[in-house]
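Below, chains carry the letters A, B, ... as their sequence lines are ordered, and counting in each starts from 1.
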Amino acid sequence: MQWSKLFIPTLREVPAEAEVVSHQLLLRAGYVRQLAAGIYSYLFLAQRSLLKIEKIVREEMDAMGAQEMLLPALNPAEVWQESGRWDVMGQNLFRLKDRFDRDLCLAMTHEEVMTTIARGELRSYKQLPQIWYQIQTKFRDEPRPKSGLLRVRQFLMKDSYSFDLEPAGLDASFDKHYEAYKRIFTRCGLEFVAVEADSGAMGGSQSTEFMVASDAGEDFVVVCGSYAANLEKAVAHPVPPAAPDPDGEFEPEPVHTPGVKTIAEVADFLKLPASSQMKSLVMMADDKPVLALVRGDHQLSETKFASVMKAREIRPALPHEIRELFGADPGSLGPVGVKNIRVIADKALEGRRNMVAGANRDDYHLLHVTPGKDFPVEFADLRQVAIGDTCMECGLPVAIRKTIEIGHIFKLGYKYSDAMGLRVQGPDGSDVRVIMGSYGIGIERILCAAIEQSHDSNGIILPPAIAPFQVVITPVNNGDEAQKQAALQIYQACQSLGLDALLDDRDERPGVKFKDAELIGIPFRITVGKKLAQGMVELVTRKSKTSEDVLVAEAAELVGKLCR
RNA sequence: CGGGGCGUGGCUCAGCCUGGUAGAGCGCCUGGUUCGGGACCAGGAGGCCGGAGGUUCGAAUCCUCUCGCCCCGACCA
């Protein structure tokens, strides 16, 4: 294509509203324009890149035997009411009414519709397994869209759904996706990590997220050697307590601690490190109070807590609730003498003795509190992994990294098939429940992640597989007939090799053309200039900023090799 | 939803405090000179200052309300 005829509105300055790099560059390079908060128009370059990403996704999905469909984005309320998600999704679901006052929504995923199709049509075990997928626009009424294309209200997603007869079949479908996802992200040129993820309180035995390290991300993952998990789910050995527990059989002993409330203040006042204290957190799990205990220097993981409680909704208790339940204010709370409230402690407190806790009396703490002896307790993993923790597998310190989630694969189990009555007839004529999995990929997020991961002060650096064009041919002076002809010749040679080539035939100064080509991230540039007299042109690699002189006749073929 | 910031030509921003109906750079158009890293000269087009109401002789500027966008937090199948 000829640049002079294209709409590629590059910007010299960064639009004020863009904060994260991928957002700034997508705007500057003329890929996207914003229509409203979290709603973007994908212009020519973005669309080309997204189509290439989709093509890779399709090839790999098709290769595993998945079948592509296209389902409605506009859904009747009924199917969402059947699955229960009409209520569960709350405000995140875009809802609307039609002219007859019927409730509708814009789908944020397609479990309901897929299950509706499956239960109407799948009748025999012989028809299983099935894997169905689609690439389409999803809608979510995000409370706070942000970070350019990373958290938006309308976005493209590849979602697939597997239907199997038994758990082993689901495992196989899950594994197929796992492998396909690795190939997809590798082909897209991304450095990614697959991590264990929290599968939520409602069903689902296993889930894996695919993450790309980036400061623009919103998720944290814990990684070390072969271990990788979302921070919400990660486990690791805590650093040992800073001081040994006092030896001996003691009874809890009140100590006056006026105005001493926080862990740090208690540590200072009693000259005992935070790790010798029990942090008492009053939580409401589905509106029932629970006292959660973690080591003083540890943090409660709300995800783990919710999961242990099997609660749909958890929140910290309000000050007045705490007062009513404990007779004391936060800062003096503890587990001793607590009645009719479930007490659950993090595993790091198991085996500890003679620790410090609040006395449930304002301005008092207790010394020598031992879990199990001084109060009944159950133990569970409640703690969020922290920097300094060591890996359960290799013993080395774990790293915590900020990441962008680009894919998530999920064993759903029977949640939707049970809720919506999806069964098939088994070999013996009886009804068999169908077990499902769901698997998502954020299409735009792949593009964003690629940009976040690979850019420099001049702009985007895209891998050839997902760049809108693989090569740009730039005659330094398009008014020079010899240069113009040579550029055209190379351009045509690229095309005949099947390369996506762009001919920069604009009547611009060379600096402008170089800057633009670099900004929009085209991996290779062939510059036709002075050396044409010797039959040579320059092949410039965007990523390495290196340049080599090549023969006019060989330029296209060289680029072809580099793109493979 | 809580906290903060910002809305002035296409983009970046000044002007607002101390009211007198708008300015710069870039971009755009025309002509010319240029042509290996976002050229130069000359000429030109383009905004009623997010919106509504109020105060005032007079409002981009002061007051009230409202809409939108961004950031932090809460939230995030």
Looking at RNA chain B, which of residues 440-453 of chain A put a heavy atom within less than 4.0 Å of it? none
By salt bridge (Lys or Arg N to Asp or Glu O under 4.0 Å), Asp286(A) pairs with (sequence neighbours left out) none
Encode nucleotides 24-35 of chain B as B, S and - characters from 5' to 3', where the letter depends on protein heavy atoms closer than 4.0 Å: B to the base, S only to sugar-phosphate, - to neither. -BSS------BS
On RNA chain B, does the nearest nucleotide to Gln483(A) precede the nearest nucleotide to Asn92(A) from the 5' side, or the other way round? Give the residue. Gln483(A)
Output a table of nitrogen or oxygen pairs between the protein and nucleotides 67-71 of chain B separated by less than 3.5 Å.
residue : atom : partner   : partner atom : Å
rC69(B) : OP1  : Ala37(A)  : N            : 2.8
rC70(B) : OP1  : Gln34(A)  : NE2          : 2.9
rC71(B) : OP1  : Ser147(A) : N            : 3.4

Using salt bridge (Lys or Arg N to Asp or Glu O under 4.0 Å) as the criterion, list what pairs up with Arg323(A), not counting sequence neighbours. Asp329(A), Asp362(A)
Whole-angstrom distance between rG46(B) and rA59(B), as gauged at atom C1': 24 Å
Would the base of rG36(B) count as contacting Arg525(A) through its side chain, where contact means a donor and an acceptor less than 3.5 Å apart? no
Would you measure the distance from the C1' atom in rU61(B) across to the matching atom in rG23(B) and give it in whole Å? 15 Å
Measuring only the C1' atom in each nucleotide, how far is rG68(B) from rG50(B)? A whole number of Å is fine. 7 Å
What residues, two or more places apart in sequence or in another chain, satisfy ring pair (Phe, Tyr, Trp, His ring centres under 6.0 Å) together with Tyr40(A)? His23(A)
Looking across every strand, which nucleic acid part, if any, lies under 4.0 Å from Pro143(A) by heavy atom: base, sugar-phosphate, or nothing? base
How would you list, by chain and number, every residue that makes a salt bridge (Lys or Arg N to Asp or Glu O under 4.0 Å) with Arg542(A), sequence neighbours excluded? Asp456(A)
Could you state the CZ-C1' distance from Arg33(A) to rG10(B), rounded to the nearest angstrom? 10 Å
Under the ring pair (Phe, Tyr, Trp, His ring centres under 6.0 Å) rule, what pairs show up with a residue in residues 506-531 of chain A, not counting sequence neighbours? none
Compile the donor-acceptor pairs under 3.5 Å between side chains in residues 141-153 of chain A and protein atoms, sequence neighbours left out, one pair per line.
residue   : atom : partner   : partner atom : Å
Glu142(A) : OE1  : Arg151(A) : NH1          : 3.0
Glu142(A) : OE2  : Arg151(A) : NH1          : 2.9
Lys146(A) : NZ   : Glu218(A) : OE2          : 3.3
Arg151(A) : NE   : Glu218(A) : OE1          : 2.7
Arg151(A) : NE   : Glu218(A) : OE2          : 3.3
Arg151(A) : NH2  : Glu218(A) : OE1          : 3.1
Arg153(A) : NE   : Ala37(A)  : O            : 2.8
Arg153(A) : NH2  : Ala37(A)  : O            : 2.9

rA52(B) pairs with, by Watson-Crick or G-U criteria that keep both distances under 3.5 Å: rU64(B)
Counting any heavy atom closer than 4.0 Å, what does Glu405(A) reach on the DNA or RNA strands: base, sugar-phosphate only, or nothing? nothing
Listed partners of His408(A) passing ring pair (Phe, Tyr, Trp, His ring centres under 6.0 Å), at least two apart: Phe410(A)
Once you apply a heavy-atom cut-off of 4.0 Å, does Asp516(A) come out as touching a base, just sugar-phosphate, or nothing? base
Verify the ring-centre separation between Tyr161(A) and Tyr133(A): is it less than 6.0 angstrom? no
Rounded interatomic separation in angstrom, taking CG from Leu318(A) and P from rA74(B): 16 Å
Once side chain to side chain donor-acceptor pair (under 3.5 Å) is applied, do any residues pair with Arg509(A), and if so which ones, sequence neighbours excluded? none
Only pairs under 3.5 Å count here: list side-chain donor-acceptor contacts from residues 470-479 of chain A, not counting sequence neighbours, and write none if there are none.
residue   : atom : partner   : partner atom : Å
Gln470(A) : OE1  : Asp500(A) : N            : 2.8
Asn477(A) : OD1  : Gly479(A) : N            : 2.8
Asn478(A) : ND2  : Asp505(A) : O            : 3.1

Centres of the Phe7(A) and Phe44(A) rings: under 6.0 Å? no
Figure out the CZ/P separation between Arg151(A) and rC72(B), and round it to whole Å. 12 Å
